[in-house]
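It should be emphasised that the depicted structure is a prediction, and the values quoted were computed from it without experimental measurement.
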Amino acid sequence: MVTYIIRRLIGAVLMLVIVSMVTFSIFFVVPRIAGATAEGFASRYMGRSANAEMIAVTAEKLGFNDPLPVQYGRWISGVFVGSEYDTGATIEECPAPCFGYSFIRRQPVWPDLVDRIPVTLSLASGAAVIWLLCGVATGVLSALRKGTVFDRAAMSIALAGVSLPVFFTGIVSLVIFSYGLGITAPGGSFTPFLENPVEWAYSLLLPWITLAFLYAASYARLTRAGMLETMSEDYIRTARAKGMKESRVVVRHGLRAALTPILTIFGLDLGLLLGGAVLTESTFSLKGIGDYAVQAIVTNDLPKIMGVTMVAALFVVLASLIVDLLYAVVDPRVRLG
Amino acid sequence: MTAPLDAPGKTTEVVPEAVLAGAGVKAVQGRSLGQIAWMHLKRDKVALLGAGVVILLIVIAIFAPLIVDVFGHPPNEFHQEMIDTSTMTPKGGTGISGDFLFGVEPVNGRDLFSRVVYGARISLLIAVLATMLSVVIGTVMGVMAGYFGGWVDTVISRTMDVFLAFPLLVFAMALVGVLGQFEKNLGVTGDTLRIGLLIFVIGFFNWPYIGRIIRGQTLSLREREFVDAARSLGARGPYILFREILPNLIAPILIYATLLIPTNVMFEAALSFLGVGIQAPTATWGGMISQAVKFYNVPHFMFFPGMAIFITVLAFNLFGDGLRDALDPKSSR
Amino acid sequence: MNKRSALAFAAAGAALSLGLSACGGGGSETKSADGSSAAPATADAFNAGLEAVFNPSDKKGGVLKMAISEDWDSVDPGDTYYALSWNFVRIYGRSLVTYTPAPGAEGRKLSPDLAEKLGESSDGGKTWTYKLRAGLKFEDGTPITSKDVKYAVLRSMDKETLVNGPTYFNDWLDLPKDFKSVYKTPDVNTDSAIETPDDQTIIFHLKKAYGGFDNFAALPGTIPVPKDKDTGVKYREHVMASGPYKFDKVEAGKQYTLVRNEHWDPATDPIRKALPDSYEISLGVNADDLDNRILSGDLHIDLAGSGVQPAALGRVLGDPTLKARADNPTGARTWYTSIVSDVPPLDNLECRKAVIYGADRVGLQNAYGGEFAGGEIATGLLPPSIGGWKKLDLYPSGTGDVEKAKAALAACGKPDGFETIMSYRADRPKEKATAESLQQALAKVGIKLELKGYPTGDYFALYAGKPDFVKKNGIGLAVNGWGADWNDGFGFMSQIVDSRTIRESGGNYNISIKDKEIDAKIDQIFAETDVAKRDALWGEIDQRVMEQAYVLPGVWSKSVLVRPLGVTNVFVTGAFDMYDYLNLGVQ
């Protein structure tokens with residue numbers, strides 16, 4: 001077990017290194033190939049009154065002329081030991097973990113991300129609870145009542161759910177419930193949980209439901225398929241033949257087997273969402289990680305884009321690591337095989 | 001498996017490998033794959049409806065200019081006489097009439113019907129071509145990983161893991177943005193460039209989903225009796241690969257391709273919504289919705305493109321589901 | 001920088017919009033407000049806050065709530081170029097002189113603020129002297145001296161550290177060659193540029209004479225900064241207040257709160273009323289939500305001051321009660337399209353003219369938001385509120401004159417038209433609409449446009465404002481916009497018509513006007529001491545720009561502002577064409 005964990009951990013770290021290299025090369029190498037110059041990069045950080053000489057100086061100062069491995073090395077070392085940036089007047093500290101320093105905003109990226117994590121975390125966790133409960137319950141009921149009106153209705157709604165883009169349902173629900181009826185909070189509302197839990201829930205209710213609707217729909221379909229699959233297994237027939245109560249058969253044998261793959265997917269979905277629910281945040285003007293990514297891209301702030309991509313990848317890798325480890329605990333075949 | 005968007009479109013469609021392999025077994029038993037599929041599909045009215053809508057959408061996309069000629073106005077033509085110049089909204093609220101079936105856009109009065117119809121072109125073109133790209137890369141990589149095993153498998157599998165760890169949407173946005181600015185150096189411009197870029201980005205980042213499934217299929221096919229039999233009869237690697245394994249992969253490839261298309265329709269819409277898709281004045285559904293957000297007081301503006309996305313995605317999903325059921329003997333629908 | 005377009009950039013949320021404005025249709029109502037301009041207004045009426053103080057009061061207390069849909073560049077007075085900042089900064093900072101808090105054109109006049117009176121010039125306008133009032137203090141109780149003002153001006157010139165502000169001092173002050181910045185060369189003697197013979201006196205020395213120096217003295221750059229409290233880029237996290245309010249909470253990108261500065265002495269300040277007990281400013285509020293909250297009275301002021309979003313516009317103009325709460329000022333800002341005169345075939349005057357003839361001017365007005373929220377169809381570059389403006393009538397301003405355009409094309413030697421590229425800022429829906437409108441209209445005369453959107457943040461630095469890029473990519477038309485830094489010809493025109501301001505490295509706002517004759521006229525203006533003659537020359541330059549068809553004017557911008565509920569002393573200042581933030585109070 002220990003060797004498995006160690007192997008998996010090394011794998012995760014390796015993965016992050018590769019992801020960071022690929023990300024770095026895409027944002028810093030690809031533009032070069034496509035024709036950007038070091039001065040082009042630098043002039044972005046210079047405000048409106050820079051002359052060619054100042055731009056060249058800045059390009060040099062920010063190290064855009066260095067070989068790429070050097071630039072990459074500087075970035076990585078920043079993550080571990082922090083780095084310093086000369087802003088002209090003062091030397092700005094970017095303490096570890098320094099996921100980049102935005103020259104446009106003159107701020108390290110990491111504190112911004114830390115600031116935004118609560119928003120994304122609140123959004124993702126609240127929605128996750130809703131979709132997991134509703135999705136799985138609907139799926140199980142549908143599977144048990146296969147072919148009934150309930151099953152058909154639930155599955156139709158679920159199919160509709162996975163076919164609607166979140167930015168469309170989000171806006172439509174905002175227009176109806178917030179701007180029209182005025183019963184939910186308007187776009188952009190967020191109150192930290194610790195400040196006022198009731199306000200917190202109220203302000204996020206609509207984004208939660210919108211986001212959860214999508215996932216619930218797909219989880220319902222998944223659960224239903226899984227349940228149908230398991231319920232036709234031989235061991236279920238055996239359990240029934242033994243005279244076990246149906247509810248016990250469903251919960252102990254059916255659901256348990258059907259839920260395992262769903263939990264895997266749940267872990268990864270959550271990991272991905274924590275890295276930024278881009279569309280939901282953008283639709284509801286929530287200042288989370290995903291919104292940060294969009295802003296970074298719109299303003300073409302490369303250090304920000306790089307930082308947010310890395311943090312998002314970190315969440316995905318962590319989530320898959322946790323899922324794998326949990327699996328290893330539950331299923332001995334994994335760690336032995 | 002994880003999904004690229006906030007919406008977990010593909011996640012749903014995890015079919016146990018054994019189920020798909022079963023389709024292969026059936027195929028060896030006399031009837032062709034197509035015959036079996038058709039037999040099942042014929043009975044699945046919902047899937048047929050989906051297929052019908054898909055065909056209709058393709059026809060609309062192909063004949064968009066003709067349709068617009070008959071029922072509408074050129075998609076980029078302004079009709080400012082339809083706009084109230086103080087509020088910039090259509091006169092009478094929507095501008096819907098026999099002349100403008102879906103009404104007009106605020107500000108410039110463009111015919112929404114024509115724009116939605118033309119939007120189908122972009123949407124389907126990108127979704128289908130991106131899917132094909134994913135399928136080709138995914139199949140090649142998946143078969144290689146599954147068939148050769150060993151270090152080839154390790155390298156390809158790890159690569160897929162890396163791809164899956166990326167926040168896809170953010171990445172795609174950034175990439176389209178970065179590449180789009182250097183068009184002079186890429187040799188193409190305008191819509192061609194943008195469409196090409198979107199196909200590349202969407203297709204290139206989605207292949208691991210298909211790749212994983214194909215790898216699993218290949219792995220299990222490799223160990224099957226009929227492959228063993230062929231091998232014992234002296235068949236060489238390429239023969240086994242192309243004559244024994246690949247034909248049995250057609251069913252899962254078809255199913256996943258069909259189910260990947262709607263995900264890609266959503267992906268393209270999302271990118272356009274976020275402003276990195278096709279540029280003005282070309283109509284896209286996602287782009288129209290993002291414009292409509294500012295004009296939420298004119299709800300028909302977001303309704304029609306939203307419904308277009310919904311119907312398209314739903315139709316492909318219905319058809320894909322039906323196709324899977326049809327090709328899957330264990331299906332219990 | 002075009003501070004007003006920068007402000008518009010700040011104004012809108014995810015989908016950035018241009019300054020929303022509104023236009024000429026309210027003419028009759030404007031006039032009725034004009035008539036009673038002296039009398040304060042208390043009853044709701046369209047444009048009631050345009051020429052009169054609405055709901056005047058001296059009642060103190062309460063919290064004034066402001067919001068903005070995006071973060072803005074900086075609250076550091078030496079590092080900001082947004083009109084909204086220049087308006088807002090006066091709550092916590094006092095410059096040497098400032099704009100008189102009064103409605104309409106009166107608001108464009110300067111009043112002494114830190115200084116006892118407006119600047120005294122000597123040496124033919126090359127030397128300007130100000131005397132500070134007695135008893136001025138920073139928020140920590142230390143006295144404000146002329147040295148703090150000098151330091152503030154010098155530091156604001158370091159464009160490497162404080163990148164955002166204007167560069168007027170850099171361009172005009174007579175600095176020694178070896179001076180780099182207050183941070184790099186703190187020991188260099190800068191008395192040749194600014195002298196402070198005693199703690200109350202500050203003397204500016206210019207390279208060449210300029211009669212309007214008081215406009216420089218009104219820049220936020222002259223708001224004093226104590227040297228020992230300056231932390232470079234981080235100063236924005238704690239700006240030392242010299243005005244009646246100081247920062248209490250500073251959470252960049254989220255919120256600011258300001259509370260009373262007990263060291264501000266009303267006896268030293270004849271123009272500020274300092275009514276509310278505190279200010280609450282929320283940043284990053286959803287733009288539509290912001291409008292709705294102002295309409296419902298939950299929020300007082302949209303700091304951006306560029307008008308309501310399209311959705312609220314429909315609501316406000318469609319509902320007589322809401323419309324009665326709206327003001328519809330015209331800004332000193334022109335939205336236009338540069339016709340790049342060195343990209344063939346637009347190097348030919350006739351081809352440039354063809355573009356203007358072919359353009360659907362009403363369509364362009366609609367693209368910018370229509371008659372209320374867009375503005376009046378512009379016939380020249382210079383907006384009407386600026387001295388020297390005269391109505392030009394060189395081109396038809398209807399929906400496009402196909403015949404004239406075709407004739408011009410024939411004269412240009414391109415009877416079948418030509419193809420060119422038009423750039424716009426991709427995340428500005430109104431500029432996109434402008435490009436689309438022009439594409440449609442010009443297609444009718446055979447001019448084919450390919451539209452290209454570029455990111456707003458880099459538009460001038462890397463794309464349309466970079467001569468090399470423009471030429472290489474064959475960009476013939478570029479959507480552009482400019483607002484006056486202050487309301488005279490110099491404040492509006494100097495950055496956008498003088499070919500000598502164009503830098504090869506990019507960041508130019510003048511994309512298309514490279515004309516020796518205009519440059520010569522500008523030199524003539526600098527040598528001219530008579531205001532009326534100077535104004536007339538600016539008017540001539542405007543005429544020349546249009547004759548040579550260097551720009552296709554879109555609109556003179558207007559905006560639809562909504563007067564807040566329960567707020568006193570509301571009026572539109574002519575200095576910024578938004579509500580004056582200086583003396584607002586809570587009822």
### Partner of C:V308 by side-chain contact (heavy atoms from CB on, under 4.5 Å), out of C:D288, C:I294, C:L313
C:L313
### Message
Can you classify the ring geometry of C:Y463 versus C:Y454 as parallel (below 30°), tilted (30 to 60°) or perpendicular (above 60°)?
### Response
parallel
### Task
Assign the ring pair B:F102 / B:F113 to parallel, tilted or perpendicular, where the plane angle (0 to 90°) is split at 30° and 60°.
perpendicular
### Query
With distance as the sole test, does C:D291 use its side chain to make a donor-acceptor pair with the main-chain N or O of C:Q309 at under 3.5 Å?
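Indeed, once roles are kept as given, a pair shorter than 3.5 Å links the two residues.
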### Query
Ignoring hydrogens and geometry, is there a side-chain-to-backbone donor-acceptor pair from B:S97 to B:D99 under 3.5 Å?
yes
### Task
Against chain B, label C:E436 side chain, backbone, both or neither, depending on which of its atoms sit under 4.5 Å from a heavy atom there.
both
### Query
For C:T399, is it the side chain, the backbone, both, or neither that has a heavy atom closer than 4.5 Å to a heavy atom of chain B?
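The answer is neither part of C:T399.
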### Message
On the six-membered ring of C:Y368, is C:K430 placed so that its NZ or CZ lies under 6.0 angstrom from the centre and within 45° of the ring axis?
### Response
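No, a cation-pi geometry is absent between C:K430 and C:Y368.
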For [X], is it the side chain, the backbone, both, or neither that has a heavy atom closer than 4.5 Å to a heavy atom of chain C?
X: B:N108; value: side chain
X: B:T85; value: both
X: B:Q291; value: side chain

#### Entry: chain B interface, residue from C:A441, C:G363, C:A443 that has the most non-hydrogen pairs under 4.5 Å
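Greatest number of close heavy-atom pairs with chain B: C:G363.
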### Task
Flag the one option from C:A426, C:A435, C:G314, C:A433 with the top tally of heavy-atom pairs under 4.5 Å to chain B.
C:G314
